[in-house]
Amino acid sequence: MKILITEKIAADSVQYLLDRGLQVDERLGLSQAEIEDIVEPYDALIVRSVTKVNKDLLSRAKNMKVVGRAGNGIDNIDVATCTEKGIIAVNTPEANIMAAGELAVGLAFAIFRNICYANEASRRDDFRRGRMIGNELEGKTVGIIGLGRIGSIVARKLKGIGMEVIAYDPYISTEKFERVGAKKCPTLEELLVASDLISFHTPKTKETYNMIDAPELAKCKKGVRIVNAARGGLVNETALYEALKSGQVASAAIDVFDKEPSYDKEPGVQKYSHPLLELPNFVYTPHLGASSHEANHNVGTAVTELVAKALEGELVAAINMPSCSGNMSILKPYASLCEKLGRIYFQAEKTPVKRIEICYRGELADQETGVLTLSVLKGFLSSLSSERVSFVNVRKAVEDRGIEVVESKTTHIKRYNNLVNLKFLTEDDRELSLNGTVFGVGTEVLVTFFGYQMNFELAPMVIAMQNEDVPGIIGKVATLLGEHDINIASMHWGRKPGSGKAQSFIAIDQPVPEEMVDSFTSIPGVLRFTQLDFT
Ligand code: NAD
Ligand code: MLT
């Protein structure tokens, strides 16, 4: 599998991918067009905030299975198009929040005390400190816009140095404001008129882009200070420029411009200029929020682990995977079982299905089982679909085939702690049912198979054979397998009382070649002979 990395991530995390046998191409500093030109053969792409993983790029990424965003914001990822194409999108929302929060606080100190200006002036032999007098933060009011992960860190730190903290965030509970110790502003305007410092911590959305423009700046206290270490364009840059020149805004610090420079090019190689960079009361850092060694390590490790696991087909908490909020240590073994149960149907049957009913019984009924249903559906479609089907688009792919998916839960159960029950309602109105469970830490057991009682531990390759319930048949099958040099790992028999038929499951070490299947089906008494591949 080939992974393309277009922006710098920590070296130890690249090594992690190489150690897993993955081929990694680190191509830093390419233009968007250059990335689009080379992206086709790659199975995964790892980016930070500069590469735009948009429709154009994704339409060229014919082999793409996973997009990893090494960082927090996902405004440079077209998640909807990823989902449409079955591409898993992952990010690392927690890994750099401390770094970003600390930078915002650092920028606040820098602009209140003119630290950057003083440093820069001193290097020009200008030591006139009377021109560098700032203000103290203690006792002033900071207005936090967006009281999420980073906003809360900034609120707590600035409260710690004696600022009064107020916040505007219409999407969180009042309890969250109380927990953070921030006074809730019901409207943005209330925050604007009361703040000595405004710090942005929202994502970039249609609603937040330019949310502070000239009219909003005019409502602020004269001499307000502004920090934006979230996303470029939350404060309109032209309006900010004018307000900095007029003194309406005393000083501002920005880590993120609306249009960002390349962060990899040597000085002089790119032509980048910005009017704000000409103002003495303006501080800029080139998107340094996440640039601490700690965050680099955390982000790199987290994204490469997620990408590698997703490429290996493991269930990961993807941005575009519905409802992954259950207890994964409980759910993971069942997700694997569910995928295998789902895979059985089209390996054993040909009739189209009009409805799949999935019932989670026992302790599973208390869990958020969305991922288990997706696992069943992924297994169900795996032998059918030529399009790429992954956890992110499988439900739609099944429903697009006109198949209804019905889920239910019950804590009522006998003999087992948990049971997953699948019922396939076929177009000729038969109901075929499978039950499975997991014992211990991962022993996946088929408990019933289309009406037959079983107790069969699922193995990578299995023969499922229906035969007349008479002596001698298994012996003949085992002998024939031996003659073909196919080793038997385990066997199990189940009966459907009163049917006169038996169902045998035989785990084998390698598949029976297609051309030899007839020699098994022609054994007298063998009614059906199906190979189930769970590899
Ligand atoms: P988060 O999702 O935890 O918090 C965002 C908060 O913004 C949420 O509480 C949400 O309710 C609130 N919000 C959304 N729309 C709003 C609106 N219209 N008005 C007010 N509040 C609104 O996100 P986070 O992890 O705290 O990240 C915050 C920002 O920081 C993001 O834009 C992220 O991309 C950015 N970030 C930047 C850097 C950097 O290097 N500069 C590093 C990490 C994160
Ligand atoms: C993020 O959203 O994580 C930051 O913007 C940092 C980055 O991408 O470099």
Side-chain angles (χ1 to χ4, degrees), residues 5-10 28 46-53 67-77 90-107 143-157 166-177 179-180 182 184-192 198-212 216 227-235 253-258 260-264 283-300 302-303 319:
I5 301 177
T6 57
E7 292 170 71
K8 187 87 193 138
I9 61 167
L28 312 181
I46 296 179
V47 304
R48 290 184 67 151
S49 56
V50 175
T51 309
K52 305 283 172 254
V53 186
V67 167
R69 163 69 170 95
N72 178 320
I74 49 168
D75 41 301
N76 57 325
I77 315 285
V90 293
N91 71 335
T92 60
E94 302 280 337
N96 61 22
I97 53 175
M98 188 52 69
E102 286 186 0
L103 184 88
V105 172
L107 291 175
I144 307 262
I145 305 183
L147 198 59
R149 288 174 289 242
I150 298 171
S152 302
I153 289 174
V154 172
R156 276 193 280 262
K157 291 194 184 294
I166 62 175
Y168 170 68
D169 189 331
Y171 301 111
I172 58 166
S173 66
T174 305
E175 188 270 334
K176 172 83 189 275
F177 285 87
R179 196 158 17 104
V180 176
K184 178 174 176 168
C185 293
T187 62
L188 179 60
E189 192 170 339
E190 282 176 60
L191 179 139
L192 298 179
I198 295 172
S199 190
F200 286 91
H201 300 289
T202 69
K204 182 174 181 169
T205 63
K206 276 194 193 122
E207 199 189 350
T208 60
Y209 187 62
N210 284 335
M211 74 190 293
I212 294 202
E216 288 75 24
V227 168
N228 181 8
R231 278 294 175 267
L234 302 184
V235 51
I254 277 193
D255 186 46
V256 277
F257 275 140
D258 199 5
E260 304 198 39
S262 159
Y263 300 117
D264 295 304
V283 169
Y284 175 64
T285 46
H287 207 144
L288 278 192
S291 296
S292 71
H293 290 296
E294 293 85 347
N296 266 351
H297 172 76
N298 295 343
V299 164
V303 79
I319 306 160

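Indexing begins at 1, ligand by ligand and atom by atom, following the structure's order. If you're wondering where the values come from, they're calculated on a predicted model, not measured in any experiment.
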Closest protein heavy atom to atom 27 (O) of ligand 1, given as residue, atom name and distance to 0.1 Å: I150 CD1, 3.5 Å
Do R48 side-chain atoms and K8 backbone N/O form a donor-acceptor pair below 3.5 Å? yes
Can a side-chain donor-acceptor contact be found between N76 and S49 if the only test is distance below 3.5 angstrom? no
So for V299 against ligand 2, with non-hydrogen atoms under 4.0 Å, the contacting part is neither
Find all atoms of ligand 2 within a distance of less than 4.0 Å from any non-hydrogen atom belonging to G71, and give their numbers and elements. 3 (O)
Atom 15 (N) of ligand 1 - nearest protein heavy atom and its distance: Y171 CE1, 3.5 Å
Identify, for atom 25 (O) of ligand 1, the protein heavy atom at the shortest distance, and state residue, atom and that distance. N72 ND2, 2.7 Å
Ranking G73, A104, A229, P170 by closest non-hydrogen atom to atom 37 (C) of ligand 1, top hit is A229
Just which atoms of ligand 1 are under 4.0 Å from any heavy atom in E207? 18 (N)
Show me which atoms of ligand 1 lie under 4.0 Å from any heavy atom of T208. 15 (N), 16 (C), 17 (C), 18 (N)
Backbone or side chain, does any N or O of D169 fall under 3.5 Å from an N or O of ligand 1? yes
Derivation of the side-chain contact (heavy atoms from CB on, under 4.5 Å) call for N72 and I150: CA-CA 10 Å; N72 178 320; I150 298 171; 4.0 Å; yes
Does E260 reach the main-chain N or O of V50 with its side chain, forming a donor-acceptor pair under 3.5 Å? no
What protein heavy atom sits nearest atom 5 (O) of ligand 2, and how far off is it? H287 NE2, 2.5 Å
Atom CZ in R231, atom NE2 in H287: separation rounded to 0.5 Å? 4.5 Å
A student checking ligand 1 against H287 at a 4.0 Å heavy-atom cut-off should list atoms 39 (C), 40 (O), 41 (N)
Tell me which protein heavy atom sits closest to atom 3 (O) of ligand 2, plus the residue, atom name and distance to 0.1 Å. N72 N, 2.6 Å
Ligand 1 contact on D255 by region, counting heavy-atom pairs under 4.0 Å: side chain
Report the part of K8 (side chain from C-beta onward, or backbone N, CA, C, O) that has a heavy atom under 4.0 Å from ligand 2; answer both or neither where that applies. neither
4.0 Å heavy-atom contact, E7 with ligand 2: no
Answer yes or no: is there a side-chain heavy-atom contact under 4.5 Å between I97 and H201? no
Nearest option to atom 4 (O) of ligand 1, as decided by whichever heavy atom of S292, A100, G148 sits closest: G148
What I'd like to find out is whether the side chain of F200 reaches to under 4.5 Å of the side chain of T208, using heavy atoms alone. no
So if I count the atoms of ligand 2 from 1 in the order they appear, which ones are less than 4.0 Å from some heavy atom of R231? 1 (C), 2 (O), 4 (C), 5 (O)
So, do H297 and S292 sit near enough that their side-chain heavy atoms are less than 4.5 Å apart? no
Contact partition for N96 relative to ligand 1, non-hydrogen atoms under 4.0 Å: side chain
Side chain or backbone, does R231 bring an N or O within less than 3.5 Å of an N or O on ligand 1? yes
Please indicate whether any nitrogen or oxygen in G73 is less than 3.5 Å from any nitrogen or oxygen in ligand 2. yes
Which atom pair, heavy atoms only, marks the closest approach of L103 to T285? CD2-OG1, 3.9 Å
For atom 6 (C) of ligand 2, grab the closest protein heavy atom and report residue, atom and distance to one decimal in Å. A290 CB, 3.4 Å
Please determine whether side-chain contact (heavy atoms from CB on, under 4.5 Å) holds for the pair L107 and V283, giving the CA-CA distance in whole Å, both sets of side-chain angles, and the decisive distance to 0.1 Å. CA-CA 8 Å; L107 291 175; V283 169; 4.1 Å; yes
Any nitrogen or oxygen of I172, side chain or backbone, less than 3.5 Å from one on ligand 1? no
Kindly say whether L28 contributes a backbone atom to a donor-acceptor pair with the side chain of T6 at under 3.5 angstrom? no
How about NZ on K157, more than 12 heavy atoms from neighbouring residues, nucleotides or ligands closer than 6.0 Å, or not? no
Roughly how far, to the nearest 0.5 Å, is CD1 of I198 from CG of L234? 12.0 Å
Just to verify, what does Y284 make a side-chain contact (heavy atoms from CB on, under 4.5 Å) with, not counting sequence neighbours? I254, F257, P261, Y263, L277, F282, P286
Note the single closest protein heavy atom to atom 35 (C) of ligand 1, along with its residue, its atom name and the distance in Å. A230 O, 3.6 Å
Using a 4.0 Å cut-off to any heavy atom of H201, which atoms of ligand 1 qualify? 5 (C), 6 (C), 7 (O), 28 (C)
To check your reading of the model: name the closest protein heavy atom to atom 1 (C) of ligand 2, its residue, and the distance in Å. R69 NH2, 3.1 Å
Search all heavy atoms of G71 against all heavy atoms of N91 and return the closest pair with its distance. O-CB, 3.5 Å
Distance to 0.1 Å, residue and atom name: give those for the protein heavy atom nearest to atom 29 (C) of ligand 1. T202 O, 3.6 Å
Can you name the one residue among I74, D258, V256 that meets side-chain contact (heavy atoms from CB on, under 4.5 Å) with K204? D258
Please classify the R149 to ligand 1 contact at 4.0 Å (heavy-atom distances, strictly less than): side chain, backbone, both or neither. both
Please state whether T205 comes within less than 4.0 angstrom of ligand 1, counting heavy atoms only. no
